[in-house]
Amino acid sequence: MTYRETRPRNLYASLTNGPETASSTIDLAPVDAPRYSFVIPICNEVETLPELERRLTAVFEELDGPAEAILVDDGSTDGSYELLAETSRRDPRFKVLRFTRNFGHQMAITAGLDRASGDAVIVMDGDLQDPPELAHDLIARWREGYEVVYAIRQDRRAEPFLRRAAIGLFYRILRRLTEVDIPADAGDFRLVDRRALDHVRSMRENNRYVRGLFAWIGFRQIGVPYRREARYAGTTKYPLRKLVKLGADGVLGFSNVPLRLTMALGFLVSGTSFVLGVVAIVLRIFGVGTVPGWASVVVVVSFLGGVQLIVTGTMGLYVARIYEEVKGRPLYIVRESHGFGGAEKEPAGAEPLQQTVAK
């Protein structure tokens, strides 16, 4: 087997430590080790998979180094897994993970990131709304020194108007609520450098908002605009219910503003009640409005009860997230895998991988 030199990307250390230190950190890696990894979650995409394979293969042939595609079957029931397994047998560059059940889109991305071995890892959806050909633009920015290159959905006319409006509003609210600069109109479609990816992989929280994790780690980041196409086939796997949950994970995972708002609401209600109490005493002293009304009592009591439920419910959401974390369950369980060749590699900073592989 032949080998190629791989040098550290820390150019600052190489320059400041001198040529001796820089050359001493050179290591050897097999030339057939993938330089690029594509992580693609799949859920009931049997109609799209042949076209996805064709376009990915064309992109692989145009890249300047070996590439792999890690396709994560997230509990498909339409025959997608069988087609994925056949693709892996036909072309070893396509590797497949199969979950024991549907663990969700964010967990499927996480599983793919855990197994990706490339220097640059590209995350994209399997419905071809994220064009694989955009990888060339993402890689070009990566070569300029950026460690996270995210794709910005500049044109979303292929999606329904109400969906576009709701998503756009959510991103703008999220940016105001969080201290983390989460780019607006940027989904999970992005390229991540190996060094940045290792930090993301070390974060094993259950309620995952992956695009928020990539924003939280920092590093040099830049966006690349693109036009988001309509689905190649099939229906969306993100109905309103899942979008709401994903949005809640984004807000609760990166902001404590809801807790501060409920506390402010409590102070506001308490202050208003105090003022109304003083007014009632003054009116009583001067003999004004002495006839009591049951309607006002009911309204005030109901209002205060509603405020208490809002405050308790908001606190409960955060407590529930703590409960999910302390249980210590694995994020996902892999039933079968194809194309990885031998024992699975344990992800850095994660729980032992054997906990995530079904026996």
Side-chain angles (χ1 to χ4, degrees), residues 37-49 52-53 56 68-89 92-117 121-130 187-189 197 200-211 213 231 233-239 241-243 245-246 249 324-325 327-359:
S37 296
F38 288 70
V39 172
I40 308 173
I42 301 293
C43 183
N44 295 329
E45 299 287 358
V46 68
E47 298 177 352
T48 306
L49 289 178
L52 176 64
E53 179 190 0
L56 278 175
E68 66 176 359
I70 300 176
L71 305 160
V72 184
D73 178 50
D74 187 22
S76 297
T77 58
D78 66 345
S80 293
Y81 169 71
E82 290 73 18
L83 192 55
L84 290 173
E86 175 60 30
T87 302
S88 179
R89 284 190 290 267
R93 294 176 299 182
F94 289 82
K95 304 175 182 181
V96 180
L97 294 173
R98 185 187 190 187
F99 283 172
T100 55
R101 65 170 177 86
N102 182 276
F103 282 89
H105 181 260
Q106 301 294 289
M107 296 305 182
I109 291 176
T110 301
L113 296 177
D114 287 343
R115 271 60 173 200
S117 56
V121 179
I122 299 169
V123 181
M124 56 174 286
D125 287 338
D127 55 10
L128 291 178
Q129 287 190 281
D130 299 337
D188 295 309
F189 189 17
L197 176 61
V200 172
R201 287 169 54 183
S202 69
M203 295 181 279
R204 309 305 290 182
E205 55 200 67
N206 280 273
N207 298 283
R208 302 181 74 77
Y209 188 64
V210 174
R211 64 198 69 171
L213 297 179
R231 288 183 58 88
T235 58
T236 179
K237 306 306 183 295
Y238 257 107
R241 173 180 59 84
K242 290 188 177 182
L243 284 175
K245 182 185 183 304
L246 182 65
D249 287 339
E324 291 293 331
E325 297 299 329
K327 285 190 290 189
R329 294 175 181 171
L331 302 182
Y332 54 84
I333 301 176
V334 175
R335 180 176 181 176
E336 299 176 58
S337 63
H338 295 270
F340 291 92
E344 299 283 1
K345 183 176 62 176
E346 181 176 337
E351 68 272 17
L353 190 60
Q354 54 265 30
Q355 295 182 12
T356 66
V357 179
K359 301 297 185 183

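Along the sequence shown, residues are numbered consecutively beginning with 1.
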Residues Leu49, Ile42; criterion side-chain contact (heavy atoms from CB on, under 4.5 Å); working and verdict: CA-CA 9 Å; Leu49 289 178; Ile42 301 293; 3.9 Å; yes
Donor-acceptor contact present, side-chain Asn44 to main-chain Ser80, <3.5 Å: no
Audit row: Thr110, Arg204, side-chain contact (heavy atoms from CB on, under 4.5 Å) steps and yes/no: CA-CA 9 Å; Thr110 301; Arg204 309 305 290 182; 4.1 Å; yes
Phe340 versus Val96, closest heavy-atom pair with distance: CE1-O, 3.5 Å
Any donor-acceptor pair under 3.5 Å from Asp74 side chain to Ala108 backbone: no
Row check, Phe103 ring normal vs Arg101 NZ/CZ: under 6.0 Å, within 45°: yes
Main-chain N/O of Asp125 paired to Asp130 side chain as donor or acceptor, under 3.5 Å: yes
Check: Ser117 main-chain N/O paired with Glu68 side-chain donor or acceptor under 3.5 Å: yes
Thr48 side, atom OG1; Gln129 side, atom CD - distance, nearest 0.5 Å: 10.0 Å
Approximate separation, where rounding is to 0.5 Å, of Ile70 CD1 and Phe38 CZ: 11.5 Å
Residue pair Val121 / Val39: nearest heavy atoms and the distance that separates them: CG1-CG2, 3.7 Å
Ring geometry between Tyr81 and His338 (parallel below 30°, tilted from 30 to 60°, perpendicular above 60°): tilted
Option among Leu56, Ile109, Ile122 that satisfies the side chain to side chain contact (heavy atoms under 4.5 Å, CB included) test with Ile40: Leu56
Under 3.5 Å: donor-acceptor pair, side chain of Glu45, backbone of Asp127: no
Distance, nearest 0.5 Å, that separates CG of Asn102 from OG of Ser76: 8.5 Å
Derivation of the side-chain contact (heavy atoms from CB on, under 4.5 Å) call for Phe94 and Leu84: CA-CA 8 Å; Phe94 289 82; Leu84 290 173; over 6 Å; no
CG on Leu97 to CD on Glu336, rounded to 0.5 Å: 11.0 Å
Pair His105-Val210, side-chain contact (heavy atoms from CB on, under 4.5 Å): steps then yes or no: CA-CA 10 Å; His105 181 260; Val210 174; over 6 Å; no
Residue pair Gly126 / Leu52: nearest heavy atoms and the distance that separates them: O-CD2, 4.1 Å
Residue pair Glu53 / Leu83, side-chain heavy-atom distance below 4.5 Å: no
Heavy-atom pair with the smallest gap, counting every atom of Met107 and Tyr332: O-CD2, 4.1 Å
Between CG on residue Leu213 and CD on residue Glu205, distance to nearest 0.5 Å: 5.0 Å
